[in-house]
Amino acid sequence: MSFFTDPIKNLNPFKKSATPTSKTETNNESIFRQLLKGGQSDGYSLYKNVAPIGHAVDMIAEKVSQLQPVVVDRNGVVVDGGVNIYSLLRKPNAVQRYSEFMMQLATDFLIYNNAYVHLSNNTSYKSKYITPVCDRTVTITETDGVRNYTVNNTGFYSSINGLYVQKHNENDGRIVGANKLGELIHIKGYLGQNETKATSKLLALAQDAQIVEKSLLQVASFLDRGYSGSGILQTNFKNQDKFEMFKKDLSNYYTGAQNEGRMMALNGTEVAVHMHNNRSNKDMQANENKEQSKMAIYQRYDIPEPLVNSGSQTYNNYQTALYALYENAVFPTFNSIFDAISESFITRNILNPEYRITCDSSKVSAMKLREAEEVRMLKLANVLTVNEMRSRLGYERLKEHGDEVYRPMSEIPISQDPYSDQGTKKEWVDQIKALDGQYSDDYLSSLWNEYNGKK
């Protein structure tokens, strides 16, 4: 007989126990186990199922997709001549707009630390389409200094499926498709020794993600049963086999997040249960662990706490946190993607070798307040011309007097003594005499000294 039953779902407390079996591993536990062993193929499952990971990735990827690309020179000045590039990026392929294209690339890169872009046409010609390729669809093998990239199961983009070869000593390491398939760009983060793909950030978060996921299952199970309790079991078994069966029943029926909140009922005289409904110290510690694990996920993606924890938000630190998010997470993700694209565009003569593609941060509303504050501080320091300040704020240049640095009239060089400056004194005396007043030089000198505080 089974020692345990759930009286809410089955009112028969004497139902015969099935032969005890080992605990069944859930799909999520399998994902975590694979991640902890070093695999990263199931990173997408964590993105879908663990809310803080999905939230962190989406928060960054959505902001990346809103950034607008601009062509700049080596000094970061926006240049003309990027019309063809802007046209290509505006409609990168047959099924995506620019924002969708960037959203997919950024999401893949944040999940896998790898992303791929396919460029159509022969590698010596301008590309007609640029297409994102998910990490899950790419398999890489390496033999004798040659890497083979096999692309498969790309859905809408099935025309790019096939084999691509990268020879490190030829064509500057470009990944060229067989049978005129075009070219593949591999955008990657840190690449360990003898590894063909970069390591996903989610590997380091597997334990924290599992804590968060199990905590959510525990809460869901508690709400489903409407009951939570803890207690002490006192046993009085004289038969070892019966005691072993009791332990297996206990493990199979009451342990694990999904079994949280099950009401306990026993049908034997060998067990006494002392129940209470207060949450134990372990329960409270589990909640703390969950919150710490959530913050570990956000910190891994460089998302400041005020953006995800309302309890630590003020207007000022929220705005500062938003700046930090762009500087530490959003802009670097965008630049990682377009650094690789810029390099490929240069080899195809789409982009001038002296230029590169970056984001136009002046169009980001969250950064305008900071930009205005920086310009205000520079204005107080009197080191910029009016046109330089207007340019940083996105305004047109002034045609007249805009390229001059203005300083207060009361300022003089630090090396100059205001009391012994005879040139300034003479100008002042001449101005007074020009008023046709009858004043002696001694009288005007005394007035000068009194005016400047010199006794």
Test log, rule side-chain hydrogen bond (donor to acceptor under 3.5 Å, both in side chains), inputs Asn121 and Ser127: CA-CA 6 Å; Asn121 295 348; Ser127 180; 5.4 Å; no
For a side-chain contact (heavy atoms from CB on, under 4.5 Å) check, start with the C-alpha distance between Thr347 and Ser344, then their side-chain angles and the critical distance, and finish with the verdict. CA-CA 5 Å; Thr347 59; Ser344 183; 4.3 Å; yes
Take Gln104 and Gln96 through the side-chain hydrogen bond (donor to acceptor under 3.5 Å, both in side chains) test and state the conclusion after the steps. CA-CA 10 Å; Gln104 182 168 340; Gln96 284 182 317; 3.0 Å; yes
Quick one: do Met59 and Tyr301 satisfy side-chain contact (heavy atoms from CB on, under 4.5 Å)? Show the steps, please. CA-CA 10 Å; Met59 180 183 292; Tyr301 280 102; over 6 Å; no
Pair Asp58-Tyr47, side-chain hydrogen bond (donor to acceptor under 3.5 Å, both in side chains): steps then yes or no: CA-CA 9 Å; Asp58 287 345; Tyr47 165 74; 2.6 Å; yes
Could you walk me through whether Leu351 and Ile357 satisfy the side-chain contact (heavy atoms from CB on, under 4.5 Å) test, starting with their C-alpha distance in whole Å, then the side-chain angles of each, then the deciding distance to 0.1 Å, before giving a yes or no? CA-CA 9 Å; Leu351 183 67; Ile357 304 172; 4.2 Å; yes
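Within the 4.5 Å cutoff, no side-chain heavy atoms of Asn114 are placed close to those of Asp108.
Thr137 places no side-chain N or O within 3.5 Å of a backbone atom of Asn153 that could act as its donor or acceptor partner. Side chain of Asn75 to main chain of Val77: no donor-acceptor pair is present (N/O by atom type, distance under 3.5 Å, no hydrogens or angles). Between the side chain of Asn335 and the backbone N or O of Phe331, at least one donor-acceptor pair lies under 3.5 Å. The main-chain N or O of Pro332 is found under 3.5 Å from a side-chain atom of Ser336 such that the two form a donor-acceptor pair.
Just one residue in the list Met103, Arg97, Glu100 forms a side chain to side chain contact (heavy atoms under 4.5 Å, CB included) with Ser65, and that residue is Met103. Applying side-chain hydrogen bond (donor to acceptor under 3.5 Å, both in side chains) to His118 and the options Tyr164, Tyr129, Tyr157 leaves one that passes, Tyr164.
For Tyr86, the OH atom counts as densely surrounded, since its 6.0 Å shell holds more than 12 non-hydrogen atoms of other residues, nucleotides or ligands. Around NZ of Lys126, the count of heavy atoms belonging to other residues, nucleotides or ligands within 6.0 Å does not exceed 12. Counting non-hydrogen atoms of other residues, nucleotides and ligands closer than 6.0 Å to CD of Glu343 gives a total of 12 or fewer.
Arg74 and Tyr355 are not linked by any side-chain donor-acceptor pair at a separation below 3.5 angstrom, with hydrogens and angles left out of the test. Residues Thr154 and Asn161 bring a donor and an acceptor atom of their side chains to less than 3.5 Å of each other. Looking only at atom types and distance, the side chain of Gln166 has no donor-acceptor partner in the side chain of Glu142 under 3.5 Å away.
One finds the CG atom of Leu67 at 10.0 Å from the NZ atom of Lys63 (value rounded to the nearest 0.5 Å). Here Lys128 contributes atom NZ and Leu119 contributes atom CG; the two are 14.0 Å apart, rounded to the nearest 0.5 Å. Atoms CG and OG1, from Asn148 and Thr139 in turn, are 11.0 Å apart once rounded to the nearest 0.5 Å. Note: Met102 CE to Cys359 SG = 9.5 Å, rounded to the nearest 0.5 Å. Within the model, atoms CG of Asp302 and NZ of Lys201 stand 6.0 Å from one another, a figure rounded to the nearest 0.5 Å. The line from NZ of Lys167 to CG of Asp144 is 12.0 Å long, rounded to the nearest 0.5 Å.
The two residues Ala198 and Gly189 come nearest to each other via the heavy atoms CB-N, 3.5 Å. The minimum heavy-atom distance between Tyr98 and Pro92, with the atom names listed, is N-CD, 3.8 Å. Closest approach of Gly162 and Leu181 over heavy atoms only: CA-CD1, 3.7 Å. Closest approach of Ala61 to Leu110, counting heavy atoms only: N-CD1, 3.9 Å.
Annotation: cation-pi pair Arg348/Tyr125 absent, no NZ/CZ under 6.0 Å from the ring centroid and within 45° of its normal.
One finds no salt bridge joining Arg356 and Asp339 here, because no Lys/Arg side-chain nitrogen approaches an Asp/Glu carboxylate oxygen to under 4.0 Å.
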